[in-house]
J.: 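Below you'll find the structure I mean.
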Amino acid sequence: MTTRRSFLASTALALLAGALALQSGAAEAANRKVRFQLAWLPGSDQAGEIVALKKGYFADAGLDVEILPGGPGSNPVQETLADVADIAIAYAPQIMYAANKGLPIKCFAAVFQKAPLTFYSLGQSNIKGIKDWKGKTIGAGQDAEAQIKAILDFNGMTMGDITFVQAQPPALLQGQIDVVASWPTNLAQIEPIISHEGGYNMQSIWDNGLQFQSNYYIATNETIADDTDMLVKFVEAADKGWAYAADHPDEASALIASMSDALDAGKEKDSLMVTVDQGFIYNDETKKYGFGNIEADRWQNTLDLYAKIGEIKPGMKAADVFDDRVLKASNRSNR
């Protein structure tokens with residue numbers, strides 16, 4: 001039997017439950033929606049951002065982040081300009097070419113303090129430096145041709161000194177090419193090379209005159225100017241995510257693997273350990289200046305080199321590709 005007292009009590013509970021639901025919904029609605037475009041498919045290269053999403057660091061900062069996977073054919077610059085994404089990961093050449101065309105987009109932080117692109121050869125080839133490439137066949141993706149041109153120029157050579165073909169690591173093992181481009185952070189891809197019983201040699205672009213940083217965060221000039229606070233919150237949360245991934249690789253790798261059935265936590269952990277232990281995310285500069293640091297002088301050297309080889313117009317400045325106000329406004333870890 002429903003009495004007046006029980007009716008009032010149940011009504012009060014219902015009203016309280018409704019109020020709590022509205023309050024929770026309002027809190028969720030208050031979080032700023034942010035679309036984050038990857039340059040490639042999810043993996044250990046995005047460990048910090050994935051951890052920041054899964055551990056709630058973005059949400060704690062008031063951001064409702066959606067990670068948009070990249071992949072073949074993905075163009076982070078165009079997707080950011082087209083308002084498909086608010087923030088994207090892009091590589092140095094993509095940013096330079098955009099600025100060269102006068103497109104209103106810039107980077108505001110760099111996750112990778114040095115670009116990992118490296119060229120591998122088998123031990124028996126005795127190719128121990130770039131100058132040993134003369135007369136050899138070099139394989140890489142089409143997007144790497146300008147980078148090959150740049151490091152050849154740095155070493156006093158031209159594309160005429162080599163044969164360039166589009167190829168992947170299996171072509172090296174099959175003897176079709178002498179050198180192949182790959183990433184030391186992608187252990188699944190390079191494992192057959194680094195486990196080759198005859199040994200291997202490697203030349204990184206970083207050690208051969210092309211000191212790109214990599215995995216830059218980019219946004220439109222308008223977003224950087226008018227929505228600085230959102231970008232600051234994003235960088236600070238990603239910083240926490242990368243620090244947690246570095247300190248808890250097993251958990252981080254499991255979170256990475258949860259992004260796709262195609263990912264294996266064990267392999268992602270191996271790649272994550274290389275990414276962290278070999279100074280790609282943290283180095284002496286991040287100890288001094290903090291996570292995501294960008295050096296304007298390094299950008300200027302890169303722009304000058306690309307202008308020299310005719311890839312971009314001369315006279316471009318670091319300010320054409322990099323805006324430092326987000327880094328200046330953010331509190332970032334030093335490690």
Side-chain angles (χ1 to χ4, degrees), residues 31-54 57-58 61 63-113 115-117 141 143-144 183 185 212-239 241-242 256 259-260 275 280-281 291-294 299 302 318 320-327 329-330 332:
N31 278 3
R32 165 70 184 278
K33 181 73 174 179
V34 177
R35 298 156 300 171
F36 176 50
Q37 176 68 57
L38 303 183
W40 196 247
L41 300 172
S44 61
D45 285 357
Q46 296 86 42
E49 295 84 12
I50 292 171
V51 168
L53 176 68
K54 299 288 188 176
Y57 299 150
F58 285 131
L63 304 178
D64 178 12
V65 173
E66 178 186 6
I67 294 181
L68 307 175
S74 176
N75 188 324
V77 170
Q78 291 299 329
E79 285 152 5
T80 305
L81 290 171
D83 197 32
V84 174
D86 302 291
I87 302 168
I89 287 180
Y91 306 126
Q94 294 172 320
I95 300 167
M96 284 190 287
Y97 294 145
N100 189 58
K101 295 177 181 178
L103 300 178
I105 200 161
K106 291 178 183 175
C107 66
F108 58 89
V111 178
F112 276 51
Q113 292 301 296
L117 184 64
D143 292 345
W183 293 265
T185 55
F212 287 161
Q213 292 176 275
S214 188
N215 287 40
Y216 291 91
Y217 293 146
I218 63 170
T220 63
N221 295 349
E222 181 181 6
T223 298
I224 295 173
D226 298 341
D227 214 350
T228 310
D229 183 60
M230 179 272 287
L231 300 180
V232 167
K233 290 177 179 178
F234 183 92
V235 169
E236 290 176 347
D239 178 14
W242 272 106
I256 294 166
M259 297 291 289
S260 170
T275 301
F280 291 110
I281 308 298
F291 168 83
N293 180 62
I294 292 178
W299 252 127
T302 301
D320 295 323
V321 293
F322 165 46
D323 192 308
D324 67 357
R325 74 186 79 185
V326 175
L327 289 180
S330 58
R332 294 164 288 119

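All values reported here derive from a predicted model rather than from experimental measurement. When reading the values below, keep in mind they use all heavy atoms of this one structure, side chains included, and skip hydrogens, waters and symmetry mates.
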J.: Going by heavy atoms in the side chains, are Trp40 and Pro69 under 4.5 Å from each other?
T.: no
J.: What are the two closest non-hydrogen atoms of Pro76 and Gln37, and how far apart are they?
T.: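 That would be CA-CG, 4.4 Å.
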J.: Can you see which heavy atom on Tyr216 is nearest to which on Tyr91, and at what distance?
T.: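 Of all heavy-atom pairs spanning Tyr216 and Tyr91, the closest is CD1-C, 4.3 Å.
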J.: What is the distance from atom CG of Asn100 to atom CD1 of Ile95, rounded to the nearest 0.5 Å?
T.: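 Interatomic distance, Asn100 CG to Ile95 CD1, rounded to 0.5 Å: 13.5 Å.
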J.: Please report the closest heavy-atom contact between Glu236 and Ala329, naming both atoms and the distance.
T.: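 Nearest pair, atom of Glu236 first, then Ala329: OE2-O, 4.4 Å.
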J.: What is the minimum heavy-atom distance between Leu68 and Val84, and which atoms define it?
T.: CD1-O, 3.7 Å
J.: Do Gln213 and Thr302 have side chains that get closer than 4.5 Å, going by heavy atoms?
T.: no
J.: Is there side-chain contact between Leu231 and Thr223, with at least one heavy-atom pair below 4.5 Å?
T.: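 Yes - at least one pair of side-chain heavy atoms lies under 4.5 Å apart.
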J.: Would you call the rings of Phe234 and Phe58 parallel, tilted or perpendicular, where under 30° means parallel and over 60° means perpendicular?
T.: parallel
J.: If you round to the nearest 0.5 Å, how far is CG of Asp83 from CG of Asp86?
T.: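 It comes to 6.5 Å.
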J.: Among Asn293, Asn215, Ile294, Ile281, exactly one meets side-chain contact (heavy atoms from CB on, under 4.5 Å) together with Gln113. Which residue is that?
T.: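 The side-chain contact (heavy atoms from CB on, under 4.5 Å) with Gln113 is passed solely by Asn293 among Asn293, Asn215, Ile294, Ile281.
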J.: Please walk me through it: do Phe322 and Leu327 pass side chain to side chain contact (heavy atoms under 4.5 Å, CB included)?
T.: CA-CA 11 Å; Phe322 165 46; Leu327 289 180; 4.1 Å; yes
J.: What are the two closest non-hydrogen atoms of Thr220 and Thr80, and how far apart are they?
T.: CG2-O, 3.9 Å
J.: What's the separation between atom SG in Cys107 and atom CE in Met96, rounded to the nearest 0.5 Å?
T.: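 Answer for the SG-CE pair, Cys107 versus Met96, is 10.5 Å.
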J.: Quick one: pull up CD1 in Ile50 and CD1 in Ile256 and give me the separation to the nearest 0.5 Å.
T.: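 Reported to 0.5 Å precision, the distance equals 5.5 Å.
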J.: Evaluate the criterion side chain to side chain contact (heavy atoms under 4.5 Å, CB included) for residue pair Asp227 and Arg32; output intermediate values, then yes/no.
T.: CA-CA 11 Å; Asp227 214 350; Arg32 165 70 184 278; 2.6 Å; yes
J.: Going from CG on Asp45 to OG on Ser214, what distance comes out if it is rounded to the nearest 0.5 angstrom?
T.: 8.0 Å
J.: Is any side-chain heavy atom of Arg325 closer than 4.5 Å to one of Phe108?
T.: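 No, too far: nothing below the 4.5 Å cut-off.
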J.: Is the closest side-chain heavy-atom distance between Ile89 and Val111 below 4.5 Å?
T.: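 They are not in side-chain contact.
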J.: Are the side chains of Ser74 and Glu79 in touch, meaning some heavy atoms are under 4.5 Å apart?
T.: yes
J.: What are the two closest heavy atoms between Phe36 and Ala88, and how far apart are they?
T.: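 Between these two residues, the closest heavy atoms are CE1-C, 4.3 Å.
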J.: Does the side chain of Lys54 reach to within under 4.5 Å of the side chain of Met259, using non-hydrogen atoms?
T.: yes
J.: Would you compute the distance between atom CZ of Phe112 and atom OG1 of Thr275 and round it to the nearest 0.5 angstrom?
T.: 4.5 Å
